[in-house]
Amino acid sequence: MSLAIEGAPQEKASLLYDPKVRGIAWQVILFVIIGFVVYEAYSNAVENLQKAKIASGFGFWDVISGFDIGQHLIDYSAATGTYGRAFWVGLLNTLLVAVIGCVLATFLGFTVGVARLSHNWVVAKIATVYVELIRNVPLLLQLLIWYNAVLKPLPNPRDSFKFFGDSFALNNRGLYVPEPTFLPAFSAVSWTLLGGILASILFRLWAKKQQALTGRQYPIGLVALALIVVLPGLVFLVMGRPVEFSYPALQGFNLRGGTQIYPEFVALLVGLVTYTAAFIAEIVRAGILSVSKGQTEAAHALGIRNGPTLKLVIIPQALRVIIPPLTSNYLNLTKNSSLAVAIGYPDLVQVFMGTVLNQTGQAIEVIAITMLVYLTISLTTATFMNWYNSRKALVER
Amino acid sequence: MKTTVIAGALATGMVALAFSAPAFAQATLAQVKQRGEFRCGIGTGLAGFNVQNDKGVWEGLDVDFCRAISAAIFNDPLKVKFISLSAKDRFTALQSGEVDMLVRNTTWTMSRDTQLGLNFGPVNYYDGQGFMVKKKLGVNSALKLDGASVCVQQGTTTELNLADYFRANKIKYESVVFADNDATIKAYDSGRCDAFTTDASGLYAERLKMNNPDENIVLPEIISKEPLGPSVRHGDDQWFDIMKWVHYAMLTAEELGVTQANVDQMLKSENPEIKRLLGTEGKFGETVGLTNDWAYRVIKLVGNYGETFEKNVGSGSRLKIARGINALWNKGGLQYAPPIR
């Protein structure tokens, strides 16, 4: 477009026809319209709320909530917790299930995706049936099935299943595991672990550089294992096992002591993971199929074995196809976790948009905050995945 | 599915609040008349209060109150559109104008009355919160529930009372919260919780839904006051009056012995109180924007308070709840109507 202007310097074309000016003008007009609509909606809502004598504002944040939440990762009780604190409890519960869910769904999805392409007929068929079955049943239904399936066969607390002596217990209130209390001497183990992680990162960098320079390969995995697992383990033993455990024991109706993993959490996690994994499996399959067979043949021709071919040739190319839709599925999993409300898991939607909204009656504020939170989580995930995608993208020289 | 509906309802409510013309300028009564239909917000299915029978017709104490309002306005108890609301959506639905009135076992509390832009009317059922446990648990008092897990429905005063009660008595417990009633009961029934808590009337109603109703007992403790009654939006006094006086008319009718069966004969009564009630004397109906035979129509088409009580929750129903504190004031109860004069 600059060419056109340079080509006719004498004619003073009207600004009206300048595409650049026009473009800006449209943007400004659109911006003003959106701004106006938002402003109107906001001021109208404020006015209507005042007229209807409905409380508004964020004053409720510091008010004592007065209700309890089953699973809380941070300190919370009806006596001292505020609505704001309840928000954090819900948010952390959502993030917990989302993060663990994304990781597990990725593993399961990759496994099933690869299995669908397996030459083993039975494995391939099982994977196909899994994908088709799970993909085509609504998630909410699956959650309810999982919840009931998890609960039904489990005994009541008095007849809990016990494992490893009495240290693990399973009943319809959840899975009870020993809760560790770290003694002061444990800090040595933590520091060793931290040092081990740092050292293995440095070693990996060094080894990669060496490989680039000399072509020699170092056993990165083994060294990392030694630094991160074995070394802290030795320190742990040397320091005299500085950990004490509290074990679950029957007291009254329920077990006391230990850490309780709630059946609602398990049902939600299993439901989300199996559901999302079915989609990820298809994405992985598509990704691997997108890499032409010639690539494998070429690698084999160079004498590279099957394993390294998959790892060094196929997967890196497949990832370019896999990552963008994978991102969408991470977002879906996170948002789908809001279905938790149906099976009693105290996630953000249940605690904040459910109980807090109802006890305070401040629908607009609460829903706005909830929307903002999901938006933030989604944008953060998307940004990270986009960064990862750009790193993995084909670099053309 | 449920969640989508809930989210949808809330979103609609918000958008309505944001974009509606300066709120509800037109009086509710005029709107209802113009629409030719009264939209009544009720529950999602609580036996005795709001439940659909096998023909899909809504029945219950709350439902009858909706019908009474419709009878007073339209001379037809069927011009009601019942909108079934979960506990957590009900206030938004009323605030945003999706329903004209809420009659949904809703506890009248100060914060709801003062902060939600609502006006609560007369109490149509005096209730209190109780606990249900399995018989085999061997518990005979709520105070022995130390360490129990308790299933509770979300978005209710129940959730707060539960926390208060256990806190006050220094008993540990774990709450398991569900968005809708059926899920709560199922969880309790399948053994996820030791106890289930809601208003006592609800406990008796829900027990009928259990796999083995007889295996469950209701503990004697009533831990709260739950005055359940209808509510309307703030700022429409005429509509508020209609809500109050339809209930009072039903009470007055019971007090004076006017029933669905004898109301036509009662038109000829010489008792001045009955004359004022049935509109043969005075202009009481017109003062609330209705016609003078408003109460006659309510009683003729729906019945008096005692009749609806017995039919829906009392001796004529499966619930068999005693009148108790819901008896009339002159029979030892709390139901008391200001005089019509």
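Worth saying up front: this structure is predicted, and the values here are computed from it rather than measured. Chain letters run A, B, ... following the sequence lines, proteins first and then strands; every chain starts at 1.
Ring to ring, A:Phe87 and A:Trp61 are close: their centroids are under 6.0 angstrom apart. Taking the six-membered ring wherever Trp is involved, the centroid distance between the rings of A:Phe265 and A:Trp146 does not fall below 6.0 Å.
At a 4.5 Å heavy-atom cutoff, A:Leu144 makes no contact with chain B through either its backbone or its side chain. Only the side chain of B:Tyr173 has a heavy atom closer than 4.5 Å to any heavy atom of chain A. Contact of A:Ser43 with chain B is not made at all, since no heavy-atom distance falls under 4.5 Å. When heavy atoms are compared at a cutoff of 4.5 Å, A:Gln50 does not approach chain B at all. Contacts of B:Lys186 with chain A are absent, with no heavy-atom separation under 4.5 Å from either backbone or side chain. Only the side chain of B:Ala183 comes within contact range of chain A, with heavy atoms under 4.5 Å apart. Looking at A:Glu264, the atoms closer than 4.5 Å to chain B (heavy atoms on both sides) all sit in the side chain, from C-beta outward. If you measure heavy-atom distances from B:Thr156 to chain A, the contacts under 4.5 Å come from the backbone alone. Within the 4.5 angstrom heavy-atom criterion, no atom of A:Ser56 approaches chain B. Within the 4.5 angstrom heavy-atom criterion, no atom of A:Leu141 approaches chain B. Residue contact with chain A, scored on non-hydrogen atoms closer than 4.5 Å, is absent for B:Val152. Looking at B:Val177, both its backbone and its side chain come within 4.5 Å of chain A, counting heavy atoms on both sides. Heavy-atom distances place no part of B:Leu162 under 4.5 Å from chain A, backbone and side chain included.
In this model, a donor atom of one side chain and an acceptor atom of the other lie less than 3.5 Å apart for B:Asn216 and B:Tyr188. Of the N and O atoms on the side chains of B:Asp127 and B:Ser201, at least one donor lies less than 3.5 Å from an acceptor on the other residue. Judged purely by distance below 3.5 Å, without hydrogens or angles, the side chains of B:Thr184 and B:Asn181 never pair a donor atom with an acceptor atom.
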Can you check side chain to side chain donor-acceptor pair (under 3.5 Å) on B:Gln129 and B:Thr197, steps first, answer last? CA-CA 7 Å; B:Gln129 183 175 345; B:Thr197 183; 2.7 Å; yes

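Between A:Arg173 and B:Asp194 there is a salt bridge, with a side-chain nitrogen of the basic residue lying less than 4.0 Å from a carboxylate oxygen of the acidic one. For the pair B:Lys209 and B:Asp182, the salt-bridge criterion is met [side-chain N within less than 4.0 Å of a carboxylate O]. Salt bridge status for B:Arg192 with B:Glu174: present, with a side-chain N to carboxylate O gap under 4.0 Å. Ion pairing between a basic and an acidic side chain is recognised when a charged N comes within 4.0 Å of a carboxylate O; A:Arg85 and A:Asp75 show no such pairing. Contact check on B:Asp189 versus B:Lys134 returns a salt bridge, with a Lys/Arg side-chain nitrogen under 4.0 Å from an Asp/Glu carboxylate oxygen.
Taking chain A as the reference chain and counting heavy-atom pairs below 4.5 Å, the highest number among B:Ser190, B:Gly117, B:Cys151 is found for B:Gly117. Per-residue heavy-atom pair counts under 4.5 Å with chain B were compared for A:Gly70, A:Gly66, A:Ser65, and the maximum is reached by A:Gly66. The candidate with the highest count of non-hydrogen atom pairs below 4.5 Å against chain B, out of A:Gly354, A:Ser77, A:Gly174, A:Pro263, is A:Gly354. Taking A:Ala340, A:Pro346, A:Ala79, A:Pro138 one by one and counting their heavy-atom pairs under 4.5 Å with chain B, the maximum is reached by A:Ala79. Residue with the most contacts toward chain A among B:Leu145, B:Asp164, B:Thr109: B:Leu145 (heavy-atom pairs, distance under 4.5 Å). Comparing B:Glu159, B:His234, B:Gln154 by heavy-atom pairs within less than 4.5 Å of chain A, the highest count is held by B:Gln154.
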Would you be so kind as to tabulate the donor-acceptor pairs closer than 3.5 Å made by side chains of residues 268-276 of chain A, with sequence neighbours excluded?
{"from": "A:Thr274", "atom 1": "OG1", "to": "A:Val270", "atom 2": "O", "distance (Å)": "2.8"}
{"from": "A:Thr274", "atom 1": "OG1", "to": "A:Gly271", "atom 2": "O", "distance (Å)": "3.1"}
{"from": "A:Thr276", "atom 1": "OG1", "to": "A:Leu272", "atom 2": "O", "distance (Å)": "2.7"}

